[in-house]
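For reference, the structure discussed in these notes is given below.
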There are 2 protein chains.
Amino acid sequence: MLDRNHRANHRERSLLSKTGFMRALSPSALARLLDSAHITALPARATIFREGEPAMAFYALLSGYVRLYRVSRDGRQADIRICGPGDIFAECLIYGGDIYRFNAQAAENVSLARFDMQDVRELAEQDPTVSKAIMATLSDHLLSTMDCVVNDRLHTAPQRVADYLLTRCPSDNGPASIRLPYQKSLLAGMLGLAPEALSRAFSSLRRTGVTVRGRVIQIGDVEALKEI
Amino acid sequence: MLDRNHRANHRERSLLSKTGFMRALSPSALARLLDSAHITALPARATIFREGEPAMAFYALLSGYVRLYRVSRDGRQADIRICGPGDIFAECLIYGGDIYRFNAQAAENVSLARFDMQDVRELAEQDPTVSKAIMATLSDHLLSTMDCVVNDRLHTAPQRVADYLLTRCPSDNGPASIRLPYQKSLLAGMLGLAPEALSRAFSSLRRTGVTVRGRVIQIGDVEALKEI
DNA sequence: CGCGGAATTGATTTGCGTCAACACACGTGG
DNA sequence: CCACGTGTGTTGACGCAAATCAATTCCGCG
């Protein structure tokens with residue numbers, strides 16, 4: 001357990017300080033924050049926290065992917081957000097309540113940094129760059145969650161998939177190629193689809209020049225995708 | 001136009017200072033914020049701002065209801081949030097970008113306060129109670145938007161309606177009565193339903209002891225509603 | 001090579017959007 | 001006072017999108 005839970009070393013401090021959340025912090029706030037971080041490695045499928053538990057900490061993801069989701073009374077699950085390397089999550093509870101409002105689970109082997117909320121609240125009190133970073137992150141998450149609501153209500157499965165592909169497409173015309181960083185069932189969940197529906201959406205996009213082989217997706221013509 | 005757009009008078013200052021956003025501000029920050037407010041009255045259906053416009057200000061609602069929504073390329077609309085008296089909106093752009101990301105429209109005659117974002121950014125820089133209020137509001141909005149995503153993905157129309165009724169039910173057992181503060185088409189939109197679907201959901205809830213007459217909704221047994 | 005999880009495909013069902021017709025309330029003007 | 005128009009809500013018929021269930025197939029990996 002000792003090597004699974006330790007203070008941030010040089011490598012981890014460097015990774016963390018490059019994240020969107022920490023990039024704009026003042027040097028002193030950054031140092032104090034990094035000093036307070038606890039690094040943990042977790043295997044795939046491990047639970048990070050559960051809905052209803054007291055929220056003592058929020059997290060930054062160093063590597064791997066994490067699923068935030070809630071379960072209904074009859075056991076069905078709905079993903080709220082998929083976090084990747086550099087993302088922070090549960091930061092909405094720093095000033096938003098003292099209980100986790102959803103479950104967090106490692107989608108694969110992950111390495112993450114844990115920050116005590118109370119410590120960060122005190123840091124924010126003293127250093128406005130910390131407040132600004134929190135506000136920017138909250139705003140960003142709020143806007144993308146709003147996008148998510150709108151997508152769900154306005155777009156069909158093929159449209160959502162096309163949308164997803166376009167947002168992580170390097171070029172904005174001609175052909176392109178994308179490699180999914182995670183398995184398709186995870187992508188399905190983040191688009192609010194059953195895995196079967198994602199599969200069907202991909203096959204319906206074949207007529208628009210999209211080919212799928214494993215995790216690699218070839219787009220014949222980016223412009224054509226935008227028309228969906 | 002002069003009586004439509006003026007500085008906050010005593011009554012308006014009092015209303016504003018009771019909102020969740022301003023309640024916890026330091027006296028000096030509150031005073032400066034109220035001094036900077038511009039009060040505007042708008043008729044039903046008036047547009048407050050449009051997606052894509054430069055975001056110079058955010059708003060607090062004094063009376064009436066406001067619809068935040070986005071439109072798809074084929075003209076269909078999806079509501080993101082319905083704001084009521086005391087709510088603030090577009091605050092996610094203080095640190096979240098310089099362009100409005102959705103449309104805001106008065107759902108009825110409204111009175112609202114306008115705050116310049118740059119002024120508030122400067123205020124937040126100097127007074128940590130302002131930052132805290134912004135963070136608390138952003139967190140709150142983020143959490144309720146997450147709830148919205150989960151509801152859409154996990155619950156059927158009657159479940160969402162039951163959920164809505166329960167959240168604004170004074171008592172948590174026995175019979176109860178609720179009066180909708182706005183028209184049903186607005187409620188439909190905020191639940192992500194077509195008006196017809198809301199109507200059907202209500203009539204399917206009749207067998208659970210829910211009766212609707214105009215805007216007044218009688219609930220026979222709150223406990224029974226929770227089982228939906 | 002063979003095993004197990006992931007992904008695909010097909011058949012079926014369900015929930016809800018859409019369109020259309022109709023009921024109802026309200027205010028206006030004849 | 002009533003006829004009328006408009007905006008709002010309800011009801012029915014229909015179709016489509018996607019969830020669900022079940023059966024393979026594919027692929028990665030020991």
Side-chain angles (χ1 to χ4, degrees), chain A residues 43-45 65 67 71-72 74-79 106-109 149-163 179-207 210-217 228, chain B residues 43-45 65 67 71-72 74-79 106-109 149-163 179-207 210-217 228:
Chain A
R45 295 170 186 282
Y65 286 85
R67 217 163 68 86
V71 306
S72 68
D74 54 339
R76 280 160 50 238
Q77 306 189 347
D79 288 6
E108 46 187 87
N109 292 352
V149 172
V150 171
N151 268 323
D152 280 15
R153 295 182 173 179
L154 243 31
H155 299 322
T156 67
Q159 288 173 325
R160 275 180 258 176
V161 174
D163 211 61
R179 185 186 163 79
L180 295 180
Y182 31 64
Q183 45 190 29
K184 283 181 200 147
S185 56
L186 203 64
L187 174 60
M190 75 185 270
L191 296 178
L193 297 172
E196 299 94 318
L198 175 64
S199 191
R200 281 182 242 273
F202 271 130
S203 69
S204 93
L205 286 177
R206 263 204 296 267
R207 76 191 79 254
V210 175
T211 36
V212 179
R213 231 181 31 256
R215 285 187 178 181
V216 178
I217 298 167
I228 296 290
Chain B
R45 297 173 184 281
Y65 286 84
R67 217 163 68 85
V71 306
S72 69
D74 54 340
R76 280 159 51 238
Q77 305 188 348
D79 287 5
E108 45 187 87
N109 291 353
V149 172
V150 170
N151 268 322
D152 279 15
R153 294 183 174 179
L154 241 31
H155 299 322
T156 67
Q159 289 173 326
R160 274 180 259 177
V161 175
D163 211 62
R179 185 185 163 80
L180 296 180
Y182 30 65
Q183 44 191 31
K184 284 183 197 143
S185 56
L186 203 63
L187 174 59
M190 76 184 267
L191 297 178
L193 296 173
E196 299 94 318
L198 175 65
S199 192
R200 281 183 242 273
F202 271 128
S203 67
S204 93
L205 287 178
R206 264 204 297 265
R207 76 192 77 253
V210 175
T211 39
V212 179
R213 232 186 26 260
R215 285 187 178 182
V216 177
I217 297 167
I228 295 290

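Residue numbers start from 1 in every chain, and the chains themselves are labelled A, B, ... in the order their sequence lines are given, proteins ahead of strands.
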Q: Indicate the atoms forming the closest heavy-atom contact of A/Ala44 with A/Asn109, along with that distance.
A: N-OD1, 3.0 Å
Show me the side-chain donor-acceptor pairs of residues 182-193 of chain A shorter than 3.5 Å, one per line, residues at least two apart or across chains.
| from | atom 1 | to | atom 2 | distance (Å) |
| --- | --- | --- | --- | --- |
| A/Tyr182 | OH | A/Tyr164 | OH | 2.7 |
| A/Lys184 | NZ | A/Gly214 | O | 3.1 |

Q.
Using a 4.0 Å cut-off on heavy atoms, which residues in residues 179-191 of chain A reach DNA chain C? List them by number, or say none.
A. A/Gln183, A/Lys184, A/Ser185
Q. Along nucleotides 13-30 of chain D, 5' to 3', which nucleotides get a B, which get an S, and which get a -, given that the test is a protein heavy-atom distance under 4.0 Å?
A. B----SSBB---------
**Q.** Which atom of A/Leu205 lies closest to which atom of A/Ala162, heavy atoms considered
**A.** CD1-N, 4.2 Å
Q. How many Å lie between CZ on B/Arg45 and P on D/dT8, as a whole number?
A. 5 Å
Q | d(CD, B/Gln159; P, C/dT14) in whole Å | A | 15 Å
Q | Residue pair A/Gln159 / A/Thr156: nearest heavy atoms and the distance that separates them | A | OE1-N, 2.7 Å
Q) For A/Arg153, which residues count as a salt bridge (Lys or Arg N to Asp or Glu O under 4.0 Å) partner, sequence neighbours excluded? A) B/Asp152
Q) Of the non-hydrogen atoms in A/Pro43 and A/Ala106, which two are nearest, and what is the gap between them? A) O-CB, 3.6 Å
Q) Once you round it to whole Å, what is the distance between P of C/dG15 and CD1 of B/Ile228? A) 12 Å
(Q) Can you measure A/Phe202 atom CZ to C/dA6 atom P for me and round it to whole angstrom units? (A) 17 Å
Q. Tell me: CG of B/Asp152 to C1' of C/dC16, nearest whole Å?
A. 12 Å
(Q) So, taking the atom named CZ in A/Phe202 and the one named OG1 in A/Thr211, what distance separates them when rounded to the nearest 0.5 Å? (A) 10.5 Å
**Q.** Listed partners of B/Arg76 passing salt bridge (Lys or Arg N to Asp or Glu O under 4.0 Å), at least two apart
**A.** B/Asp74
Q: Count the heavy atoms belonging to other residues, nucleotides or ligands that lie under 6.0 Å from CZ of A/Arg215, then report whether that count exceeds 12.
A: yes
Q.
Rounded to the nearest 0.5 Å, what separates atom CZ in A/Arg45 from atom CZ in A/Arg67?
A. 9.0 Å
Q: Take A/Val210 and A/Val161 through the side-chain contact (heavy atoms from CB on, under 4.5 Å) test and state the conclusion after the steps.
A: CA-CA 11 Å; A/Val210 175; A/Val161 174; over 6 Å; no
Between N or O atoms, less than 3.5 Å apart, protein on one side and nucleotides 25-28 of chain C on the other: list the pairs.
none

